[in-house]
Amino acid sequence: MLMSSQASRYAHQLLDARANTRLLPLLSSSEPLSVDDAYDIARRVLDIRVAQGEQPIGRKIGFTVHKTWSQYGVTDDVRIPIWAHIYDSTVRFAEDNHGKQCLAGALQPRIEPEIVFKLRQTPSPDATIDELAECIEWMAHGFEIVACPFPNWEFTVADSIAAFGLHGTLIIGEPHVLSSATRHNLAQILAGASVSLSSSTDSTGTLRAAGFFNNEADSPLHALWHLHQLLKTQPQFAPLAAGEIITTGTWTDAYPIAAGQTWITAFSGVALPGLTVSFV
């Protein structure tokens with residue numbers, strides 16, 4: 001268990017690395033770092049960011065169950081979804097599903113296509129997956145730009161939790177308010193959906209990946225349910241609440257991005273437009 005002073009020191013080191021675009025050695029390289037330790041660091045990060053004027057407006061979920069873990073630089077045997085706060089300073093909406101994003105200051109940025117929810121009401125503590133779906137106001141497509149302060153994108157799961165869940169920026173497309181029928185069938189709708197991810201540096205695009213879920217238990221809605229369950233075991237953090245924006249994990253591998261590239265998505269099986277974002 002980390003001493004409080006050490007957790008605060010790690011939090012300041014991580015925030016300084018982010019502010020100055022500087023890589024850090026793994027926190028776990030100097031002493032053992034458990035998942036509980038990492039969330040203690042995350043709590044101190046939250047307090048510091050709020051004191052500096054940032055406002056948490058939701059959460060990101062990472063390492064959802066459908067990922068191929070070996071491709072993400074994870075060096076330990078922990079295989080659990082994680083979460084982190086997202087802030088008013090790190091979330092933006094893409095007008096007409098087109099956007100431009102500056103990568104200055106982003107540490108080893110990569111792109112992840114995700115489904116984003118906004119909660120219209122606070123879930124009950126024992127909400128089922130179906131009841132969680134009834135709490136969703138809208139659904140949108142988003143690009144999460146993840147960033148890693150550790151060399152070569154290698155880390156333990158605990159390191160990634162402490163490092164803001166690797167969250168950099170969330171770019172959200174046009175929100176679609178869910179009808180009662182869509183909320184009722186959301187798990188099945190998402191289980192049958194897929195997304196394609198392409199990139200280009202000129203007028204020619206290259207298909208980079210296609211992502212989909214195999215069943216209802218491997219989906220954004222299931223990721224939301226897992227987060228809701230996990231927060232019940234973490235009294236140092238507030239539970240999910242009405243108004244929060246939740247981004248639910250990538251549908252593909254996380255691909256390195258660079259200035260001069262444009263990345264494009266298209267969906268099938270779900271009534272969401274794709275996103276087109278150019279990086280400078």
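What you see is a predicted model, and the numbers here were worked out from it, not measured in a lab.
Without hydrogens or angle criteria, D159 side chain to L26 main chain gives no donor-acceptor distance under 3.5 Å. Between the side chain of R43 and the backbone N or O of Q236 there is at least one donor-acceptor pair closer than 3.5 Å. Distance alone, capped at 3.5 Å, places no donor-acceptor pair between the S278 side chain and the T262 backbone. Counting only distance, with no hydrogens or angles, the side chain of H98 and the backbone of D96 share a donor-acceptor pair below 3.5 Å. Here the side chain of D37 pairs no donor or acceptor atom with the backbone of L33 at under 3.5 angstrom.
A heavy-atom distance below 4.5 Å is found between the side chains of D88 and E54. Between V280 and L103 the shortest side-chain heavy-atom distance does not fall below 4.5 Å. D16 has its side chain out of reach of H12: every pair of non-hydrogen atoms, C-beta onward, lies at least 4.5 Å apart. Using a 4.5 Å heavy-atom threshold, the side chains of I82 and L230 count as separate.
Here the CD1 atom belonging to I129 is positioned 9.0 Å from the CG atom belonging to L224, to the nearest 0.5 angstrom. Considering OG of S219 and CD1 of I115, their distance stands at 10.0 Å, rounded to 0.5 Å. Atom-to-atom distance recorded for L178:CG and F117:CZ is 7.5 Å, nearest 0.5 angstrom. A distance of 12.0 Å separates SG of C102 from CD1 of I145, quoted to the nearest 0.5 Å. The distance from the NZ atom of K118 to the SG atom of C135 is 14.0 Å, given to the nearest 0.5 Å. Rounding to the nearest 0.5 Å places OH of Y255 at 11.5 Å from CD of E112.
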Ring pair (Phe, Tyr, Trp, His ring centres under 6.0 Å) assessment of F63 paired with W83: CA-CA 9 Å; F63 300 139; W83 73 273; over 10 Å; no
| field | Worked verdict on Q261 versus T201 for side-chain hydrogen bond (donor to acceptor under 3.5 Å, both in side chains) | value | CA-CA 5 Å; Q261 294 178 336; T201 53; over 6 Å; no
Begin with the C-alpha distance, continue with both residues' side-chain angles, and end with the deciding distance and a verdict on side-chain contact (heavy atoms from CB on, under 4.5 Å) for L275 and I264.
CA-CA 6 Å; L275 271 175; I264 304 155; over 6 Å; no
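Counted by atom type alone, Q101 and R92 present one or more donor-acceptor pairs between their side chains at under 3.5 Å. Using modelled atom types, one finds no donor on one side chain facing an acceptor on the other under 3.5 Å when comparing W225 with E131. Looking only at atom types and distance, the side chain of R208 has a donor-acceptor partner in the side chain of S199 under 3.5 Å away. Between the side chains of E137 and Q121, no donor-acceptor pair of N or O atoms lies under 3.5 Å. Using a 3.5 Å distance cut-off with no hydrogens or angles, the side chains of Y10 and S5 do not pair a donor with an acceptor.
Annotation for H85 and P56: closest pair CD2-CB, 3.9 Å, computed over non-hydrogen atoms. Contact between L190 and W251 at its shortest, heavy atoms only, is O-CH2, 4.3 Å. The nearest pair of heavy atoms linking Q13 to L24 is O-CD1, 3.7 Å. Contact detail for H176 and P273: the closest heavy-atom pair is NE2-CD, 3.5 Å. Closest approach of W138 and P175 over heavy atoms only: CD2-CB, 3.4 Å. Here the closest non-hydrogen pair linking V146 and A254 is CG2-CB, 4.5 Å.
The only member of E114, R59, K60, E144 that meets side chain to side chain donor-acceptor pair (under 3.5 Å) when paired with T247 is E114.
In this structure, R44 fails the cation-pi test against Y39, since its NZ or CZ atom is not both closer than 6.0 Å to the six-membered ring centre and inside 45 degrees of the ring normal.
A single hydrophobic cluster is seen to contain both L186 and V270, as judged by linkage of ILVMFWY side chains at heavy-atom distances under 4.5 Å, directly or through other members. Note: the hydrophobic cluster containing I41 also contains V157 (ILVMFWY, side chain heavy atoms under 4.5 Å, direct or indirect links).
Around NZ of K232, the count of heavy atoms belonging to other residues, nucleotides or ligands within 6.0 Å exceeds 12. The neighbour count for E95 CD, taken as heavy atoms of other residues, nucleotides or ligands under 6.0 Å away, does not exceed 12.
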